[in-house]
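This one's a predicted model, so the numbers in the text were calculated from it and none came from an experiment.
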Protein chains: 2
Amino acid sequence: MRTHQVVSAWLEQELAAGRLAIGSRLPGERSMAEQLGISRASVREGTRVLEALGVVRAGVGSGPQAGTIITGNPAVALDSALRLHVASAHLPVKDIVETRLLLEAWAAEHAWRGSPALERAARLLDEMDEPDGDDAGPGSFLERDALFHVALAEAAGNVLVGAMMGSLRGSIAAYTQRLTADLPDWGSTSDRLRHEHRAILAAIVAGEGRRAAGLVRDHIERFYRESGVHDQHPEG
Amino acid sequence: MRTHQVVSAWLEQELAAGRLAIGSRLPGERSMAEQLGISRASVREGTRVLEALGVVRAGVGSGPQAGTIITGNPAVALDSALRLHVASAHLPVKDIVETRLLLEAWAAEHAWRGSPALERAARLLDEMDEPDGDDAGPGSFLERDALFHVALAEAAGNVLVGAMMGSLRGSIAAYTQRLTADLPDWGSTSDRLRHEHRAILAAIVAGEGRRAAGLVRDHIERFYRESGVHDQHPEG
DNA sequence: TACGGCGTGTGGTCCGACCACACAAGATAG
DNA sequence: CTATCTTGTGTGGTCGGACCACACGCCGTA
């Protein structure tokens with residue numbers, strides 16, 4: 001086993017044994033190096049990995065935000081991973097759209113009606129109704145659009161599904177931005193999107209899961225069809 | 001931006017520009033440190049992250065396997081990530097089962113009939129028919145069981161879905177192992193699993209996607225119901 | 001021609017040093 | 001006595017240099 005993996009192996013043990021939990025602070029790098037019998041450089045490599053995986057968060061200085069603290073954020077793991085894999089053209093945009101469709105339709109169908117995520121989604125829709133005051137173009141609209149869809153995914157109460165959609169957000173924002181640039185009439189398109197968003201949320205709140213899932217599917221598919229995503233290359 | 005992130009940022013640029021691709025070899029750590037104007041320690045932290053994300057693979061010595069080489073393996077990213085997040089009890093087993101159900105049902109419905117993954121799946125089924133010669137108990141059976149399900153997921157031709165199932169494999173193997181220990185009659189259960197596997201694969205090959213999806217759903221759900229997974233805690 | 005030792009470049013690990021930072025306790029000025 | 005400033009301490013962040021094990025390919029040797 002490579003030396004830096006000692007850190008994650010140790011952390012996994014501590015977590016399983018209940019000696020550490022989310023929110024706990026890890027020993028300092030110097031102290032951990034001594035405890036584990038490895039160098040500080042290796043401890044740091046191990047910590048970097050944990051950080052990339054969204055398991056810990058490192059902060060300098062002193063105080064509550066300082067030190068290396070255990071978090072539970074699986075989304076950051078995929079966020080950066082997806083960026084790289086998309087960049088390497090190993091991950092076609094088509095697959096991302098497909099996966100998004102899959103996750104969101106499922107989430108819409110299984111959404112928990114009392115989820116606070118739905119309230120967040122509703123707030124986002126209200127904000128999207130206000131004309132983009134200062135910012136130009138569809139920038140902040142699409143930002144909230146992506147967040148709205150992530151909120152829907154989280155409403156199903158499945159951490160994994162929520163995390164996966166959360167990490168897709170970055171990729172989604174990237175190409176929706178690109179696609180809207182080619183649209184001839186953004187005004188009417190955004191109006192339609194607004195309307196469809198309302199319909200989706202209403203269906204979920206009304207408990208009509210299957211119908212909501214269908215609406216989500218149409219919503220996403222139509223947008224990509226109109227934008228002609230199928231003609232574009234990942235690096236476009 | 002933290003220094004070690006210079007590496008992933010640089011790599012992303014190189015990939016996007018087409019100067020690097022999967023299979024390419026990165027410059028040596030020492031040379032890269034000089035090029036990027038950072039220390040070798042930071043380069044190493046950066047490559048450790050890339051390695052954890054499944055973007056590169058590092059090998060010592062010389063020859064074709066040596067050096068840091070770009071791979072496209074998103075699955076390894078989640079594999080370790082899931083282990084840690086499950087250990088931290090941040091990720092309930094219920095969510096994993098649910099996600100598995102979601103991914104596999106979709107994959108069964110969208111499987112590409114000519115996929116080589118289906119041939120692999122068929123071979124695995126044949127191997128599972130042979131009574132576990134030397135190994136005791138359901139060990140290698142469950143191993144192949146998990147691989148069979150991953151193969152089905154890959155048959156849909158979606159890299160992301162395949163990668164997600166691949167990284168779930170570790171977690172799945174962990175608790176199926178645990179659950180089968182409590183089963184009163186493993187012999188009859190494994191017979192039923194074998195039969196269901198055949199039926200699923202046959203439905204896919206016959207092009208009856210929807211029916212295959214239903215079979216998959218029943219297959220997974222029944223197993224977990226019988227095993228009483230709902231009564232178990234993540235750390236069980 | 002076949003074999004064996006050696007050079008070279010790779011990542012892997014370690015050490016020791018210094019930096020920027022953020023808080024807390026003490027010293028200081030009002 | 002209070003408010004402010006200074007200093008101390010511990011944190012992660014970065015750096016340069018050193019040595020190791022490894023695996024290959026070259027080259028001298030038998």
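- Here the closest non-hydrogen pair linking B/Gly63 and B/Arg25 is O-NH2, 3.1 Å.
- Considering only heavy atoms from C-beta on, B/Glu45 stays 4.5 Å or farther from B/Thr3 through its side chain.
- Using a 4.0 Å heavy-atom criterion, one finds that A/Thr68 contacts the sugar-phosphate atoms exclusively.
- Under the 30°/60° scheme for interplanar angles, the aromatic rings of B/His197 and B/Phe148 are found to be tilted.
- Residue contacts for A/Arg48: at a heavy-atom cut-off of 4.0 Å it reaches the sugar-phosphate backbone alone, with no base atom in range.
- Of the two residues contacting DNA chain C, namely A/His4 and A/Arg40, the nearest-nucleotide position lying further toward the 5' end is that of A/His4.
- When the ring-ring contact (aromatic ring centres under 6.0 Å, His included) test is applied to B/His85, no partner is found at least two apart in sequence or on another chain.
- Counting to the nearest Å, the P atom of C/dT13 and the CG atom of A/Leu36 are 14 Å from each other.
- Using a 4.5 Å heavy-atom threshold, the side chains of B/Ser24 and B/Arg19 count as separate.
- One finds no side-chain N or O of A/Ser62 lying less than 4.0 angstrom from the OP1 or OP2 phosphate oxygen of C/dC21.
- In terms of position on DNA chain C, the residue among A/Pro64 and A/Gly37 whose nearest nucleotide sits closer to the 5' end is A/Gly37.
- What separates CE of B/Met32 from C1' of C/dG9 is a distance of 14 Å, to the nearest Å.
- Looking only at side-chain heavy atoms (C-beta outward), A/Met32 and A/Thr68 stay at 4.5 Å or farther from each other.
- At least one side-chain heavy atom of B/Leu179 sits under 4.5 Å from a side-chain heavy atom of B/Tyr224.
- Within residues 49-61 of chain A, the residues approaching DNA chain D are A/Ala58, A/Gly59, A/Val60, A/Gly61, by heavy-atom distance under 4.0 Å.
- Using a 4.0 Å heavy-atom criterion, one finds that B/Arg44 contacts the bases of the nucleic acid, with or without backbone contacts as well.
- Taking each heavy atom of A/Ala107 and A/Leu152 in turn, the nearest pair found is CB-O, 3.9 Å.
- At a threshold of 4.5 Å between non-hydrogen side-chain atoms, the residues B/His149 and B/Ile172 do not count as touching.
- Atom CZ of B/Arg30 is separated from atom P of C/dT13 by 13 Å (rounded to the nearest Å).
- Along DNA chain D, read 5' to 3', the first and last nucleotides having any atom under 4.0 Å from a heavy atom of chain A are D/dG10 to D/dT14.
- Of the two residues near DNA chain D, A/Glu29 and B/Ser39, the one whose nearest nucleotide lies more 5' is A/Glu29.
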